[in-house]
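Keep in mind that what you see is a predicted model, and the values were worked out from it rather than measured. The chains referred to below are lettered A, B, ... by the order of the sequence lines, with proteins before strands, and numbering in each begins at 1.
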Number of protein chains: 2
Amino acid sequence: MEAIEHDKRKCPSHLSTGECVKRLLPVKDALDILSGKWKLQIILSLTFGKKRFKQIQREIPGLTPKMLSKELKDLEINELASRHVYDTSPVTVEYELTPYGKTLRPLIDELHKWGTKHRKRMIARE
Amino acid sequence: MEAIEHDKRKCPSHLSTGECVKRLLPVKDALDILSGKWKLQIILSLTFGKKRFKQIQREIPGLTPKMLSKELKDLEINELASRHVYDTSPVTVEYELTPYGKTLRPLIDELHKWGTKHRKRMIARE
DNA sequence: GGTATCGCTTTCCTGAAAGATACCGGTATA
DNA sequence: TATACCGGTATCTTTCAGGAAAGCGATACC
């Protein structure tokens, strides 16, 4: 039987497959930083000001200290949040978004914009 | 010992905690659609034109038919991709990004932009 | 003395996602 | 006849993110 015409388009001709993958990497980096069950909530919580460990935990129901600790470390490693230890006793520890962390804002806004449209669309469809 | 001054900022005063969570939902929706090991690559592959099942699979090393099948279904459910079956034998099936699917573009670009900066920063730091 | 708070860490465990592998009917190709 | 392609599905196993619970040193409160 007659086959359908297929062109072999893969990547645009000026890009090799390898280059396509390379273009993908930064997108994955960004995605990694925001995905996961708690990251967004924690970032959001910190956008409203400095917070202490327990304070964040109390704000986010279900968040265990283990997870919070881990996520905060990730944020620190990526220089999105900073940790300040004060020599009180027992120690006081505060976390805060770095200026760099705040550069996530437009990205989150874009996600919010698209997500909102999508949500409406999916609900409208029923 | 003297405690440090803490304000109790949580959410901006005009937003309840519930409303904060609500603002989060659409962001998560968007994130869900893009995160995962294969979704981005599949979407990217489809931005370069209609593709057949095996064609996509060949383009993305390591992608099993089971995963591809599942991801394509997800894309269909979200109306981001469409499936066309042609009555040849054996059947020919083509997948393509819908116009709606193409609206993801600015979002992916934004992720790419931030991700690129972040990648540079992390590499520069060593 | 007993209990509570702070800021975690450690250990153990589970459910869900992802991977490996095999298979299916139908067709074309050698 | 046998082998390969197509578009998947079915089944089994592995991996791994994340949860539950306990503990820790230091302090403060009743």
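For the helix from C:dG1-D:dC30 to C:dA30-D:dT1, the angle separating the two terminal helix axes comes to 20°, with each axis derived from five pairs and the value rounded to 10°.
Judged as a salt bridge (Lys or Arg N to Asp or Glu O under 4.0 Å), and not counting sequence neighbours, B:Glu76 has no contacts. With sequence neighbours excluded, the residues satisfying salt bridge (Lys or Arg N to Asp or Glu O under 4.0 Å) with A:Lys113 are A:Glu110. A search for salt bridge (Lys or Arg N to Asp or Glu O under 4.0 Å) contacts involving A:Arg105 returns A:Asp109, not counting sequence neighbours. In this view, A:Glu79 and B:Arg121, B:Arg125 satisfy the salt bridge (Lys or Arg N to Asp or Glu O under 4.0 Å) rule, not counting sequence neighbours. For A:His112, the ring-ring contact (aromatic ring centres under 6.0 Å, His included) test picks out no residue, with sequence neighbours left out. Under the rule for a ring-ring contact (aromatic ring centres under 6.0 Å, His included), A:Trp38 has no partner lying at least two apart in sequence or in another chain.
For D:dT9, the OP1/OP2 oxygens have a side-chain nitrogen or oxygen of B:Ser69 closer than 4.0 Å. In this model, the phosphate group of D:dG7 is approached by a side-chain N or O of B:Arg52 to a distance below 4.0 Å at OP1 or OP2.
Which of D:dT9, C:dG7, C:dC6 sits closest to the side chain of A:Val93 comes down to C:dG7. Checked against C:dT27, D:dG8, C:dC8, the side chain of B:Pro90 finds its nearest nucleotide in C:dT27. When distances run from any side-chain atom of B:Val91 to the nucleotides C:dC8, D:dT27, D:dG7, the shortest one goes to D:dG7. The listed nucleotides are D:dT9, D:dT27, C:dG7; the one nearest the side chain of A:Ser89 is D:dT27.
Per the geometry, CZ belonging to B:Arg83 stands 8 Å off C1' belonging to D:dG7, to the nearest Å. For the pair B:Asp87 CG and C:dT27 C1', the computed distance is 14 Å after rounding to whole Å. Straight-line distance from the NZ atom of A:Lys54 to the C1' atom of C:dC6: 7 Å, rounded to whole Å. Here C:dC8 presents its P atom at 14 Å from CZ of A:Arg58, a figure rounded to the nearest Å. Atom C1' of nucleotide C:dT5 and atom CD of A:Gln55 are separated by 14 Å, given to the nearest angstrom. Rounded to an integer number of Å, the gap from OH of B:Tyr86 to C1' of D:dC6 is 16 Å. Protein atom CD1 of B:Ile56 is 16 Å distant from nucleotide atom C1' of D:dC5, rounded to whole Å. For the pair A:Asp32 CG and D:dC16 P, the computed distance is 14 Å after rounding to whole Å.
Aromatic pair B:His84/B:Tyr95: centroids not less than 6.0 angstrom apart.
Sorted by first and then second residue, the salt bridge (Lys or Arg N to Asp or Glu O under 4.0 Å) pairs involving residues 24-42 of chain A (not counting sequence neighbours) are A:Asp29-B:Arg119, A:Lys39-A:Glu71.
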Self-check item: From CA spacing to verdict: side-chain contact (heavy atoms from CB on, under 4.5 Å), A:Arg83, A:Lys73
Solution: CA-CA 9 Å; A:Arg83 186 183 133 110; A:Lys73 272 175 198 157; over 6 Å; no

Please produce a list of atom pairs where a protein N or O lies less than 3.5 Å from an N or O of nucleotides 17-23 of chain D.
residue, atom, partner, partner atom, Å
D:dG18, OP1, A:Lys37, N, 3.2
D:dG19, OP1, A:Lys37, NZ, 2.4
D:dG19, OP2, A:Trp38, NE1, 3.1
D:dG19, N7, A:Lys66, NZ, 3.3
D:dG19, O6, A:Lys66, NZ, 2.4

